[in-house]
Peer 1: 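Take this structure, written in structure tokens, and hold onto it; I'll ask about it next.
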Amino acid sequence: MTLATKLAHLSSTIKSSVNAKPIFKPTINLSILETHLQKCQSFKQFTQILSQMILTGLIADTFASSRLIKFSTDLLPFIDMSYSFKIFAFLESPNGFIFNTMMRAYIQRNVPQKAICLYKLMLNNNVGVDNYTYPLLAQASALRLSVFEGKLIHDHVLKAGFDSDVYVNNTLINMYAVCGDLSAARKLFDESPVLDLVSWNSILAGYVNADNVEEAKFIYNKMPERNIIASNSMIVLFGRKGNVAEACRLFKEMPKKDLVSWSALISCYEQNEMYEEALVLFMNMIDHRVMVDEVVVVSVLSACANLTVVKTGTSVHALAVKIGIECYINLQNALIHMYSSCGEITTAEKLFDAGHNLDLISWNSMISGYLKCGSVEKARALFDAMIEKDVVSWSTMISGYAQHDQFSETLSLFMEMQHHGIRPDEATLVSVISACTHLVALDQGKWIHAYIRKNGLKINSILGTTLIDMYMKLGCVDNALEVFHGTEEKGVSSWNALIIGFAMNGLADKSLEMFSEMKKSGVTPNEITFVGVLGACRHMGLVDEGHRHFNSMIQEHRLEPNSKHYGCMVDLLGRAGMLKEAEELIESMPMSPDVATWGALLGACKKHGDHEMGERVGRKLVELQPDHDGFHVLLSNIHASKGRWDDVLEVRGMMVRRGVVKIPGCSMIEANGIIHEFLAGDRTHPQINEIDNMLDEMAKKLKLEGYAPDTLEVAFDIDQEEKETTLFRHSEKLAIAFGLITISPPNPIRIMKNLRICNDCHTAAKFISRAFDREIVVRDRHRFHHFKHGSCSCMDFW
DNA sequence: TTAGGGTTAG
């Protein structure tokens, strides 16, 4: 559309929109126009001025119409841009001034493409461009992030001969920098005949935003004059790069600081997880009577959220109200986030309900707040109510499920996320993988690993650790190793996952080997490392080596052993039959021994048949934790193994009186992507008949192999044959039978049990692995058992 | 004659 047709088209619109018949005789002229416009209070008054201008013909005066356009686009908030454009289009021959004003208005409203269109219109209609036009065009290209367009503008600048105008050059430098073409920006900067402070700041900003510390430092050091904006940018850059010391040094050296300087350093602390320092500096800032605004308050609130200091957060909130900045959307987000992070969900709820036009961040904060205080359902309801969700919303909800042990929901929500085409990030995948681990969903876990590889996602230290942990816990040692070697940033946790994983899988020597390799590579072991190392010794029965590591932990690495480490040692000694030493170690503990430690000793008593000590420890334990099912069961089993059925009944009676419910043994197995669960004696599985047949076949084959049921495991006073039947319907055996039917060789049959595998099932599994020539992997509450050719990786030491 | 401007930092 040419300008002429455009004008013709629009002049009819504008004529009908203004009051063509003013009540008063039109009196307007150039000398009073400015006063009228300044006094103009409403759209109606404005249309009266406009109609008077049309009727008097004043509109044809370019100066008058340029004032009209300036007021309508910039000074009168009740006139919208489309109306201004109608006036503009109505003008017979707008000059360069008027074009520039319109372009500026479009750029301010973030519609740069219209500014570019106007420029084309200018060229087509031979409207003279000037040195004010090009900075606007450079800015428009910068907003559109189009170097292509920016280069064209640059060409026009050269042709039109404005290349020695410092404004023009500065906006072009900025355009190149914003669009990421730093070499073009630098070339222009180096070749520009005119440079001022803004030129230096613009090129510096380019390097700062590109995180190019070298070049930024070079420019900063060469600047003819240190200016506050440049120093502020450098603080920001150092902060982003984690170089807090440099940022601090620069801040201290600055002869003059402004609000942004303080705020930059506070945010630097906040970004580098130095939350306390951020708060201290903020207090300092207030003491120095520096003005505070909403940006710095947002940083400070985030620090409060991370430190969960709701008291400080509340006073910062009060300050925000006092200085009248609480209406800012970012501030509202920060407040809601702070309160919900601190567990003050009711306060967060109030702000959330009262706020309007709150953005995604607030919704996400509320979801995580609800999850933090355990209201999974409320979180889900809010999540479902969201019209727009981002990856954070999905990840928050997904990890919420995982944190509340709702692993099936974790996976199904992840599937839904995929369905919506949302790309998961590392945080999402960590939760999903951990859910796979808990559900023994190896196929799904492998699928996610493949997804990571296919999509080229970076395996950072946390994600790597989660994957290693999954493969180890699912008995896939080789895959775990492969992930470990493929992880670039190996943190102490990556090593830990490997050390613990090897130990768990019965490869204690590998575990200890890794430990020395870890030390060689310069990674400092932590408490968790020693849980793995001592665990490895425990699984192998390496009493001396265990002692050595335990002592080195204290003497060499200056780590304080916690109850877990003591528990390991007690278990190690106890299993080796050194019951006396184990009991002494418990008594020497600096902290009061936890139930797990006593439990380890109780287990050892049972194993070594120390009835006297077992009873003593057992009674202590049931007193210590009267609601714990396992200890009652263990105590009653000790009695049962001695055939003391009266005592068994007494313990069982105690359990009934105390309302202790024995957690039923449950085995899980994944087949074709579906998780199947079996309880002892379970007959609910749809393929129960086939399973029954397989159980019969198993029984026959096992008898031939010489298997004898270990009826001592059945702690009920029932007859022998009945005991054998009960034994043969243990959940592990049901799962193995099901595995034999559904999982084709050579794939191993992988089973997870919530409790420890019982003696008889352990023996039976060994026999089955030989009789059926199948590999069986059972992960129980404690560790792994890889059954192959009639023996187990734990070498019967568990 | 009168009128209009650019850039950077938390």
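Below, chains carry the letters A, B, ... as their sequence lines are ordered, and counting in each starts from 1. No hydrogens, no waters, no symmetry mates; every other heavy atom, side chains included, goes into these values.
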Peer 1: Describe the nucleic acid contact of S267(A) in one word from base, sugar-phosphate, nothing, applying a heavy-atom distance below 4.0 Å.
Peer 2: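 The residue S267(A) makes sugar-phosphate contact but no base contact.
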Peer 1: With a non-hydrogen cut-off below 4.0 angstrom, is N174(A) in contact with a base, only sugar-phosphate, or nothing?
Peer 2: sugar-phosphate
Peer 1: Would you say the side chains of S261(A) and D258(A) form a donor-acceptor pair under 3.5 Å?
Peer 2: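 Their side chains do contain a donor-acceptor pair, which is all the 3.5 Å distance test asks for.
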Peer 1: Classify N227(A) by what it touches in the nucleic acid, base, sugar-phosphate, or nothing, heavy-atom distance under 4.0 Å.
Peer 2: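 Touches nothing.
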Peer 1: With no hydrogens and no angle check, do the side chains of R104(A) and Y132(A) hold a donor and an acceptor under 3.5 Å apart?
Peer 2: no
Peer 1: For the residue pair N364(A) / S362(A), report whether a side-chain donor-acceptor contact shorter than 3.5 Å exists.
Peer 2: no
Peer 1: According to the side chain to side chain donor-acceptor pair (under 3.5 Å) rule, which pairs have a member within residues 285-305 of chain A, sequence neighbours left out?
Peer 2: E270(A)-S302(A)
Peer 1: With sugar-phosphate meaning primed atoms plus P, OP1 and OP2, does N330(A) contact a base, only sugar-phosphate, or nothing at under 4.0 Å between heavy atoms?
Peer 2: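 No contact.
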Peer 1: What does V295(A) touch in the nucleic acid at a heavy-atom separation under 4.0 angstrom: a base, only the sugar-phosphate, or nothing?
Peer 2: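 Touches a base.
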Peer 1: Using a 4.0 Å heavy-atom cut-off across all strands, classify I98(A) as base, sugar-phosphate, or nothing.
Peer 2: nothing
Peer 1: Between which nucleotides of DNA chain B, 5' to 3', does chain A make heavy-atom contacts below 4.0 Å?
Peer 2: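 First-to-last contact on DNA chain B, by the 4.0 Å heavy-atom rule, is dT2(B) to dG10(B).
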Peer 1: Using the test side-chain hydrogen bond (donor to acceptor under 3.5 Å, both in side chains), find all partners of Y269(A) that sit at least two apart in sequence or belong to another chain.
Peer 2: none
Peer 1: Determine the contact category for N169(A): base if any of its heavy atoms lies under 4.0 Å from a base atom, sugar-phosphate if only primed atoms, P, OP1 or OP2 are that close, otherwise nothing.
Peer 2: nothing
Peer 1: Under the 3.5 angstrom rule, does the side chain of N95(A) hit a backbone N or O of F97(A) as a donor-acceptor pair?
Peer 2: yes
